[in-house]
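Everything quoted here is computed from the prediction, not taken from an experiment.
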Amino acid sequence: MKTTFIVIFSHFCICLSAQIVGTCAGIRGSVGYEDGSYLEATFNNPHGIAVSQTGTIYVCDRFNHIIRKISPLGEVSTLAGNPGLIGDADGQGSEALFYEPWGLCVDAQENVYVSDTRNNKIKKIDPEGNVITYAGTGNFGTTNGAFESATFGLPVGIESDGAGTIYVADHSTHIIRKLSPDGQVSTLAGIPYTNGDQDGPGNTATFNKPYGLTLDLQGNIIVADEWNHKIRRISPEGEVSTIAGTGETGGDNGAAETSTFHFPWDVTVDSLGNIFVVDGLNYVVRKISPEGEVSILAGTLGSAGSEDGTGTDARFSGAAGIAYSPLTRELFIADAFNNLVRKITDPGQGVFLANADNQQQFCPQQNNQIDAFPLVYDQFHFFLNDQLLQSGTQSYFDLSNIASGSHTLKVVANLDTFTVESDVFEFEVYEVVKPTIDTVGATTFFEGDSVILVASFGEEYFWSNGADTPTITVKESGSYAVEVIDQNDCPAVSDMVLVTVRAELNPIEIFAFGMTTFCEGASVLLSANYSENIQWLKDGWPIEEGNTPEYEVMNSGSYRVQFTDTDGTTIISDPVEINVLKSPKIDFRTDKKLAKPGEFIQFIAIADSTTSLEWDFGDGEQIIIENSPLYSYQEEGLYTVSLKGSYSNNCTSTETKAAYIEINRSANSEVLEDDVFVATAFTPNNDGINDELFVRGSDVAEMRIKIFNHQGILIFESDSKNIGWNGRYKNKPAPAGNYFYQLEYVNFLDKKKQIKGQITLLK
């Protein structure tokens, strides 16, 4: 994979001592959602940003409610989420839903952790785009404990330490949270719901809407303390101190303790320990050196804009996220109000060589490369072992045809008349030995025999027939080869070995007398064309007493028959697949079992996927084909009732209840209570469980339900059991809390009834 990052720069005179600001992705002046080339892609308030070790950029596209991905070649794609659709759902790719994700980070395995801010959750996305809820119930709060029961208060900044610990800035509760690898959430620093500006131990220190955070080279957490206008530090032990900022708003540079900021939104740290700050309403990127000196790295102080350029000639507007790429040694900015992803390059660092996977050992004949950074130069001249092998605009050196052994590589780069030379990059191309295949036995044999193939040394094995062991037993004709992965994870492929299996016996066959797909209780007779020395097999296992030419089958499975000749030669038939269709269970109930002659009884079927239902009420009258009939008996006595269901697979099920109904002139004719009810609570959070409020019960002929809020305002009504309230009012989610319902209905005996009550909407 080519890892060179494509970035567009405006044409301007380059001062090699100034930072160069360019547009990495997005269209200046355009807001929207469009994947594709960095020249064509559009964003809607890009917010959080992170860069992986391979140079891939991940972006929280906040108002599109999705996570975007920018490849090292500048291709923009959607990693997860459905553009423009708000929700809270796990799943793969576009099946997942977010609600204004503000922050994210990426670990060494390319797992992305997202602060799903408005959902008050932390989500995890694997490299294939599968999204799960990592921590948080979705409720607003500061509850610590197990991931699945913890709560968050608008999480924003998020960072991984590489060892499995995640740190989160809880913006609206003014605290910094810690998510440990053992599945526990705790408060590292800050007092829940208490804003302030107090340094000291974590449990007494205070923050005021902490926004972005990162880790420095010593494992300290660096926090952009937004409303305190400060940059804070939290030691691994939880001790809080101030790095820079007086707490007053301003844009003063100089010594850290006298500098001022104006709503700093995010921070990152480079490999030298410099801290970089996107100073939100100052519209600049600030730098805090390890010596404590604050300066403007890029942007025009106090002036918003979208212009690319050098140093303070460039402009930003609402730069909300910043990330440092250890691969390219560049800064990437989520320029929210401009709907752009920007990039800051320091040409003063010269030119250097790097590999996207941080490797210095390579396998031969693979698509590996070494890249030159930064990409501000016009020409790149690569010297392998002090010999010039490549010149031109291409900024990477291909290693796929380099001989095994140790090598050195350097690059000389030109920009107009300026020339700069990199340090020497030392690397090794492994020597790979071609694997061989030894055989145990002849490679030509009769059917029923076999040959063993043995691969030479390796760590992993991939045979052409799909096997993954060093040794395989071959019973079929064909050409066999093996790919071996050696101790250096390098692959190599052997020559082919030809195996020939000779057919000497007549094929053994199975004949089915009857259908091979049938309903439970039926069977099919299988017959073999051999009469002796046979063995019937089901799913590959011998069938006890299955040694006759014919075998009656009543169960699903894959059936074969095997013949063994007197010399031990074995042949086996092709499989016959038997599919026994299961008949779903059927049941029924009534609203009463005791009634007077002529009194109606409601019969209710309990069956799924039936194509027709046939009722036999046991009184000698006609069969009724109906789902839930009303029926009356004219004579006293005990009646046996049967219900027969037919299914689309042509199978049937019958349920019979003997002496089920009693007809008695002295029977109590009072109707039993209806089974109508309305749940007392529901959770419309799109998790597929209790998401809508329905009227439930089988005794509803007609109905109308109305839902009122605590002010008595009608917010929902329905006259169908199949249309329930989804927790929305005027196309927006209704607030959590108590609501009131009024249900009027007519049961199957034509009696009007009314129910009132209270329901609770939970989030």
Side-chain angles (χ1 to χ4, degrees), residues 447-448 450 475-476 501 503-589 603-618 620 622-629 639-660:
E447 286 182 348
S450 63
K475 298 181 179 181
E476 298 178 350
V501 180
E504 191 172 74
L505 297 169
N506 292 326
I508 186 168
E509 297 177 280
I510 297 175
F511 302 94
F513 294 91
M515 302 295 292
T516 57
T517 297
F518 50 85
C519 299
E520 285 181 314
S523 65
V524 64
L525 185 65
L526 302 183
S527 178
N529 63 339
Y530 279 66
S531 60
E532 297 178 343
N533 301 327
I534 62 174
Q535 174 65 59
W536 289 92
L537 308 172
K538 178 180 182 290
D539 299 327
W541 294 92
I543 299 173
E544 187 176 357
E545 299 180 356
N547 309 112
T548 59
E550 296 181 339
Y551 184 75
E552 184 180 17
V553 175
M554 300 182 67
N555 299 309
S556 295
S558 180
Y559 291 81
R560 293 174 182 258
V561 65
Q562 177 179 288
F563 169 78
T564 303
D565 205 355
T566 54
D567 64 358
T569 302
T570 299
I571 57 175
I572 191 168
S573 72
D574 291 332
V576 172
E577 304 295 333
I578 304 299
N579 183 22
V580 179
L581 304 175
K582 291 188 176 296
S583 299
K585 300 299 181 184
I586 191 170
D587 200 359
F588 62 88
R589 63 182 176 86
F603 287 81
I604 302 168
I606 305 171
D608 294 326
S609 304
T610 54
T611 57
S612 67
L613 294 169
E614 298 179 6
W615 294 88
D616 185 347
F617 298 104
Q622 76 277 11
I623 299 297
I624 293 181
I625 301 176
E626 188 175 344
N627 191 34
S628 299
Y639 293 88
T640 295
V641 182
S642 294
L643 174 62
K644 178 181 178 182
S646 298
Y647 300 86
S648 58
N649 60 10
N650 296 320
C651 295
T652 62
S653 288
T654 301
E655 175 66 17
T656 300
K657 297 184 180 181
Y660 184 66

**Asked** What's the verdict on side-chain contact (heavy atoms from CB on, under 4.5 Å) for Leu581 and Phe518, showing C-alpha distance, side-chain angles and the deciding distance?
**Response** CA-CA 6 Å; Leu581 304 175; Phe518 50 85; over 6 Å; no

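- To the nearest 0.5 Å, atoms CD1 (Ile508) and CD1 (Ile571) are separated by 5.5 Å.
- In this structure, the side-chain contact (heavy atoms from CB on, under 4.5 Å) partners of Ile510, at least two apart in sequence or on a different chain, are Leu526, Trp536, Val561, Ser573, Val576.
- We find the NZ-CD distance between Lys538 and Glu544 to be 14.0 Å, quoted to the nearest 0.5 Å.
- With rounding to the nearest 0.5 angstrom, the CZ atom of Phe563 is 9.5 Å from the CD1 atom of Ile534.
- Taking every heavy atom of both residues into account, Leu537 and Gln562 meet most closely at CD1-OE1, 4.1 Å.
- With hydrogens and angles ignored, the 3.5 Å screen pairs no side-chain donor or acceptor of Asn529 with any backbone N or O of Asn506.
- In summary, of the residues considered (Ile625, Ile586, Ile624), a side-chain contact (heavy atoms from CB on, under 4.5 Å) with Leu613 occurs for Ile586 alone.
- Summarising the geometry of Thr652 relative to Ser646, their closest heavy-atom pair is CG2-OG, 3.8 Å, with the distance given to 0.1 Å.
- With a 4.5 Å cut-off on side-chain heavy atoms, Arg589 and Ile606 count as touching.
- When all heavy atoms are compared, the tightest approach of Thr654 to Thr656 is CG2-OG1, 3.9 Å.
- Atom CD of Glu577 is surrounded by more than 12 heavy atoms from other residues, nucleotides or ligands within 6.0 Å.
- Between Trp615 and Phe588, the ring planes are perpendicular. Angles over 60° get that label, and only those under 30° would be called parallel.
- More than 12 heavy atoms of other residues, nucleotides or ligands sit less than 6.0 Å from atom NZ of Lys657.
- Rounding to the nearest 0.5 Å places CD of Glu655 at 9.5 Å from OH of Tyr660.
- Residue Ser527 comes nearest to Phe513 through the heavy atom pair CB-CE1, 3.5 Å, listed as atom of the first residue, atom of the second, then distance.
- Side-chain atoms of Glu552 never come within 3.5 Å of backbone atoms of Ser523 as a donor-acceptor pair (strictly under, hydrogens ignored).
- In terms of heavy-atom proximity, Ala512 sits nearest to Val524 at CB-CG2, 4.4 Å.
- Dense packing is recorded around CD of Glu626, with more than 12 heavy atoms of other residues, nucleotides or ligands lying under 6.0 Å away.
- Distance CD/Glu532 to OG1/Thr548: 12.5 Å, rounded to 0.5 Å.
- Taking every heavy atom of both residues into account, Ser450 and Lys475 meet most closely at CB-CG, 3.7 Å.
- Counting heavy atoms from C-beta on, the side chains of Asn547 and Tyr551 never come closer than 4.5 Å.
- The distance from atom CG of Asn579 to atom OG of Ser558, rounded to the nearest 0.5 Å, is 12.0 Å.
- For the pair Ser556 and Ile578, the minimum side-chain heavy-atom distance is 4.5 Å or more.
- Ion pairing between a basic and an acidic side chain is recognised when a charged N comes within 4.0 Å of a carboxylate O; Arg560 and Asp539 show no such pairing.
- Partner of Phe617 under the side-chain contact (heavy atoms from CB on, under 4.5 Å) criterion, chosen from Thr640, Val641, Leu643: Val641.
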